[in-house]
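Notes follow once the structure below has been shown.
Because the structure is a prediction, the values reported are computed rather than measured. First the proteins, then the strands, lettered A, B, ... as listed; each starts at 1.
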There are 2 protein chains.
Amino acid sequence: MPQRPRRSQDERSDETRTALHRATIRLLLDRGYSRFTTADAAAAAGVSRGALTHHFASKEDLVVRSVAQDLAGVTEGLRVFLAEGRGRRRGPDELVDHLWALMAGGLFYVTMEYLPEARHNAPFRERLLPVVRDFHAALDALWCSVSDAHDLDPAEAQVTLNATLCLMRGMVAQSVLKPDESYFAAMLDHWKAHLRALFARSAGAGDIPGPSHAGRHHSPPVPNPEVP
Amino acid sequence: MPQRPRRSQDERSDETRTALHRATIRLLLDRGYSRFTTADAAAAAGVSRGALTHHFASKEDLVVRSVAQDLAGVTEGLRVFLAEGRGRRRGPDELVDHLWALMAGGLFYVTMEYLPEARHNAPFRERLLPVVRDFHAALDALWCSVSDAHDLDPAEAQVTLNATLCLMRGMVAQSVLKPDESYFAAMLDHWKAHLRALFARSAGAGDIPGPSHAGRHHSPPVPNPEVP
DNA sequence: ATAACAATACAGGCTTGCCTGTTTGTAAGT
DNA sequence: ACTTACAAACAGGCAAGCCTGTATTGTTAT
């Protein structure tokens with residue numbers, strides 16, 4: 001047993017809360033909302049049930065705050081990805097691949113777990129609304145940076161990039177009961193072509209935004225990494 | 001109390017099962033899978049719990065068979081809609097509006113209720129797989145009839161129309177926590193333009209497939225009718 | 001400095017309510 | 001008569017919230 005290094009109260013609380021946040025998202029992904037119990041969350045986080053009830057008023061409170069933390073991490077990751085791309089001359093294909101890896105890698109599976117609960121549980125929904133509002137606002141800001149960098153029509157780019165995420169949400173949802181890799185690969189390729197057309201329409205210098213036909217049909221095969 | 005008209009055993013069974021099917025879908029839509037109980041389903045159908053257990057081996061059995069019935073009704077309704085359109089010269093806008101009314105009117109909300117369960121409950125998923133496989137096969141057949149009627153490239157139309165549904169799935173999912181009508185209307189208009197381009201590319205006589213700019217921004221405002 | 005006190009962090013048992021599958025009993029059709 | 005359709009009570013399990021008890025950290029008065 002290692003000697004406890006005398007953490008401050010705030011440190012203790014932060015560590016406990018973070019452990020519970022991560023365990024919650026993990027369990028939502030692995031077992032789903034209906035199978036998710038506060039006891040399991042505490043056990044997975046390595047803390048007691050009492051610790052959980054001390055920091056979180058209810059199961060809903062735990063989930064809402066865990067989701068908020070998770071989404072904050074997602075926007076930050078996306079911001080970094082786009083900032084990196086500022087230097088290199090990345091086209092829409094890489095963006096699609098990145099977003100798909102993100103969504104199909106667990107992000108939207110987690111969302112699908114709490115959406116039904118949000119639909120039927122008004123207090124829960126009310127607490128989630130500002131969380132997702134902020135998330136969508138952050139996304140819109142990121143889309144603006146994309147349309148800026150590539151000299152696109154901002155309004156059109158906004159709609160198109162949000163549609164990209166909607167398409168992927170639908171694809172991930174369908175993937176639960178449609179185990180057909182090629183089906184989704186073809187759809188992503190179709191969408192990449194659509195985005196290339198949008199990017200090519202831009203008034204910018206005639207740079208080639210990405211592979212126009214050569215590099216098709218190699219969308220990444222739905223990985224299943226863990227969501228942080 | 002009306003005199004019982006002496007129904008045959010098969011009639012009795014059919015009526016009971018149908019009532020339970022309809023009640024199940026209704027309750028899934030109204031209260032969600034986690035709040036859905038077999039007792040409520042029986043009560044909503046106006047039968048006893050004993051009747052339910054007699055006709056359905058388990059809760060999962062009830063849900064799977066109810067969903068199968070529901071999807072059969074959906075394909076039939078879609079078939080009729082497309083058959084009607086054969087005479088008039090309908091463009092993609094009407095198809096989008098119809099599909100959106102269908103999806104946002106409850107169909108995909110119901111789907112969102114059982115998808116998480118399917119993701120975590122292997123036996124349940126195995127029973128659903130053939131059901132949705134048949135549904136998707138029926139859809140593909142319908143898409144073929146569309147590409148035939150409008151002289152489109154079959155493969156391209158297939159992907160595009162399936163993408164239409166995926167987009168709408170994502171939109172309906174997002175609509176749970178994003179109460180922004182205009183956001184979705186703009187997205188549908190964007191997609192209609194995309195489909196008009198596809199339809200216009202067809203080798204057919206230069207008919208105008210639909211309003212190219214005039215009639216935009218009037219997508220139907222997410223009705224919420226009951227799913228049969 | 002340090003002892004007393006206060007506040008916060010954590011631990012775990014208990015209770016209550018609910019839901020599913022089962023079983024036993026009754027009525028309607030063949 | 002005998003099978004099928006329906007009815008309702010029963011039993012077992014499980015999970016959320018509550019509550020009481022303990023340990024650790026922070027504060028203040030001497």
(Q) I want to verify a distance call: between D:dC6, D:dA15, C:dA11, whose nearest atom is closest to the B:Ser48 side chain? (A) D:dC6
Q. Closest to the B:His54 side chain: D:dA5, D:dA7, C:dA9?
A. D:dA5
Q) D:dG17, C:dC10, C:dT20: which one has an atom nearest the side-chain heavy atoms of A:Ser58? A) D:dG17
Q) Within this structure, what is the OH-to-P distance between B:Tyr33 and C:dT20, rounded to whole angstrom? A) 9 Å
Q: Check the distance between D:dG17's P and A:His55's NE2 and give it to me in whole angstrom.
A: 17 Å
Q. Counting side-chain heavy atoms from C-beta on, which of C:dT20, D:dA5, D:dA7 comes nearest to B:Ser13?
A. D:dA5
Q. OP1 or OP2 of D:dA16 sitting under 4.0 Å from any side-chain N/O of A:Thr38?
A. yes
Q) Between A:Lys59 (NZ) and D:dA15 (C1'), how many Å, whole number? A) 8 Å
Q: Please confirm whether the backbone N or O of B:Leu29 pairs with a side-chain atom of A:Arg119, one donor and one acceptor, at under 3.5 Å?
A: yes
Q: Using whole Å, report how far CZ of A:Phe124 lies from P of D:dA16.
A: 13 Å
Q) Hey, does the Lys NZ or Arg CZ of B:Lys59 hover above the aromatic six-ring of B:Phe36, less than 6.0 Å from the centre and inside 45° of the axis? A) no
Q | B:Leu52 CG to C:dG21 C1', straight-line distance once rounded to whole Å | A | 11 Å
Q) If you check the B:Ala51 side chain, which of D:dA5, C:dC19, D:dA7 turns out closest? A) D:dA7
Q: Specify the separation, in whole Å, of atom CG of A:Leu20 and atom C1' of C:dA11.
A: 14 Å
Q.
By nearest atom, which of the nucleotides C:dT22, D:dA16, C:dC10 is closest to the A:Arg49 side chain?
A. D:dA16
Q.
Within the 4.0 Å heavy-atom criterion, would you say B:Phe56 contacts the bases, only the backbone, or no part of the nucleic acid?
A. nothing
Q. Whole-Å distance between C:dG12 C1' and A:Asp40 CG?
A. 16 Å
(Q) For B:His98 and B:Phe81, take the angle between the two ring planes, folded into 0 to 90°, and tell me which bin it lands in: parallel under 30, tilted 30 to 60, perpendicular over 60. (A) parallel
Q | Residue whose nearest DNA chain D nucleotide is more 5′ - A:Thr53 or A:Ala39 | A | A:Ala39
Q) Roughly, in whole Å, what's the span from CD in B:Glu15 to P in C:dA28? A) 16 Å
Q.
For B:His55 and B:Thr16, which I'm curious about, is there any donor-acceptor pair between the side chains at under 3.5 Å?
A. no
Q) Does a donor on one side chain sit under 3.5 Å from an acceptor on the other, for A:His190 and B:Glu156? A) no
